[in-house]
Amino acid sequence: MSQDDIVRVADLMTAAFCWPRERWLDALTAMRDRESPAGYPRFGYVLEHEGVVAGVILTIFAAVWSEGIETVRCNVSSWYVTPELRGFGARLTRRVLKHRDVTLIDVSPMPHTRRFIEICGFHRYTEGQFACLPALRLKGSGVRVRAYRGEDANRLQDAAEATLLTDHAAYGCLSLVCETPDGLIPFVFSLRGLRRTPLTYAQLVYCRDTDDFVRLAGPVGRYLLRRRSVLTMIDSDGPAPGLTGKFLKDRWPRYYLGPNRPRPNDLAYTEAVVLGV
């Protein structure tokens, strides 16, 4: 996609969504500059009418690793077609659905779109968000939490995980490790502003297993608290045992379609970090 195409798509997305034009330009530039698996579109698909971009569906393809096996995952994001051509929107959808070897995910479907993606074959893999106050958990004394450093790479489970932590720190996330008797346990968080306050909340973007976060929530939460982040949001199907908080059913449910059901709380290389959604 040329710079002129990026500008045209940004103009359409600005008209369709509440983000300012500069933010869309930054997001599309980040998509242009990131590593992407060979053979898959870097940006997604557009619908043109008489030389004008009238529809777009953004796709973020990424190689992900699970138990030493590499697979490709695609975050389907930011679908829009102008009202007068909405009947042609199915063409964009079909182009994405043809990637049957890829696991498709939608991590931020708007309520009015959920019935449509379910008709397309998507299924929920988490039901909502658990908003918690992890610093209140007293367990975990003696665990040290700190920012990930390059020299930690050999102490992680594999090179792909080390790359993930490095990449997400470059995206502006908090890439952390907990020093435990069992070795380093990594986490990635995206900090986001709480409206009308100077505080932030942390969205859990990556962990090996949600149980790791529950077990180490106390020291991790206190580390986040020192950075003015009181609240943490995690993907969940209900309350997390031992954590103080509230389950928000239907708040950011996650959907998938394809051969590999995603793990909860693995939003690595998705719009949550690449686009900052």
Side-chain angles (χ1 to χ4, degrees), residues 1-64 70-110 113 116-117 120-122 163-164 167-168 170-173 190 205 254-258 260 262 266-277:
M1 184 183 289
S2 69
Q3 185 61 35
D4 286 344
D5 290 331
I6 288 177
V7 170
R8 292 198 300 157
V9 171
D11 288 340
L12 177 67
M13 302 305 274
T14 302
F17 297 97
C18 61
W19 281 11
R21 184 172 182 268
E22 292 73 19
R23 189 172 177 184
W24 279 115
L25 288 170
D26 289 344
L28 293 167
T29 299
M31 292 181 69
R32 181 196 65 193
D33 294 341
R34 64 180 291 271
E35 293 291 331
S36 183
Y40 298 98
R42 180 172 293 275
F43 293 94
Y45 301 95
V46 298
L47 180 69
E48 284 192 343
H49 177 63
E50 297 180 350
V52 176
V53 176
V56 65
I57 182 168
L58 299 182
T59 57
I60 305 173
F61 286 86
V64 295
E70 183 184 38
T71 60
V72 176
R73 185 172 71 186
C74 173
N75 177 195
V76 184
S77 173
S78 307
W79 305 8
Y80 180 74
V81 179
T82 56
E84 62 273 16
L85 295 174
R86 193 120 328 145
F88 293 95
R91 295 186 181 184
L92 292 173
T93 305
R94 285 196 295 268
R95 294 299 298 271
V96 175
L97 296 180
K98 75 175 184 177
H99 297 288
R100 298 186 181 276
D101 59 326
V102 170
T103 297
L104 307 176
I105 59 173
D106 190 338
V107 299
S108 62
M110 298 297 290
T113 69
F116 172 72
I117 65 173
C120 291
F122 283 75
T163 299
L164 185 152
D167 289 347
H168 285 70
Y171 283 128
C173 296
S190 174
V205 168
R254 317 297 190 188
Y255 283 81
Y256 86 103
L257 171 65
N260 301 302
D266 180 6
L267 300 175
Y269 301 108
T270 67
E271 64 186 41
V273 292
V274 178
L275 304 185
V277 174

Distance-only donor-acceptor pairs under 3.5 Å for side chains of residues 40-50, two or more places apart:
unit_1, atom_1, unit_2, atom_2, d
Tyr40, OH, Asp101, OD2, 2.9
Arg42, NH1, Arg32, O, 3.2
Arg42, NH1, Arg34, O, 2.3
Tyr45, OH, His99, NE2, 3.0
Glu48, OE2, Arg8, NH2, 2.7

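Two residues are said to be in side-chain contact when any heavy atoms from C-beta on lie closer than 4.5 Å; Leu12 and Thr82 meet this criterion. Contact check for Val273 versus Val205: side-chain heavy atoms found under the 4.5 Å cut-off. Counting heavy atoms from C-beta on, the side chains of Arg73 and Asp266 come closer than 4.5 Å. Counting heavy atoms from C-beta on, the side chains of Val81 and Phe88 never come closer than 4.5 Å. The closest side-chain heavy-atom distance from Met13 to Ser78 is below 4.5 Å. Inter-residue side-chain proximity for Phe61 and Val102 is flagged as met; some heavy-atom pair is nearer than 4.5 Å. Between Leu58 and Leu275 there is a side-chain heavy-atom pair separated by less than 4.5 Å.
To the nearest 0.5 Å, atom NZ of residue Lys98 and atom CZ of residue Arg100 are 11.5 Å apart. A distance of 8.0 Å separates CG in Leu25 from CD1 in Ile6, rounded to the nearest 0.5 Å. Atoms CD and OG1, on Gln3 and Thr29 in that order, are 5.5 Å from each other to the nearest 0.5 Å. Note: Tyr256 OH to Ile105 CD1 = 12.0 Å, rounded to the nearest 0.5 Å. Between the CZ atom of Phe116 and the CG atom of Asp106 there is a distance of 10.5 Å, given to the nearest 0.5 Å. A distance of 9.5 Å separates CG in Asn75 from CZ in Arg254, rounded to the nearest 0.5 Å.
Annotation: side-chain contact (heavy atoms from CB on, under 4.5 Å) contacts of Leu257 (sequence neighbours excluded): Leu97, Leu104, Phe122. Qualifying side chain to side chain donor-acceptor pair (under 3.5 Å) partners for Ser77, counting only residues two or more places apart in sequence or in other chains: Glu271.
Environment of CZ in Phe17: crowded, with over 12 heavy atoms of neighbouring residues, nucleotides or ligands closer than 6.0 Å.
Of the candidates Val96, Ile117, Val107, Val76 forms a side chain to side chain contact (heavy atoms under 4.5 Å, CB included) with just one, namely Val96.
At distances below 3.5 Å, not a single donor-acceptor pair connects side-chain atoms of Asp26 with backbone N or O atoms of Leu28.
Ring geometry for Trp24 versus Trp19: interplanar angle of 30 to 60°, hence tilted.
Looking at every heavy atom in both residues, Gly55 comes nearest to Leu92 through C-CD1, 4.0 Å. For the residue pair Pro37 and Ala63, the shortest heavy atom distance occurs at CG-N, 3.7 Å.
No hydrogens or angles considered: a donor-acceptor pair under 3.5 Å links the side chains of Ser2 and Asp5.
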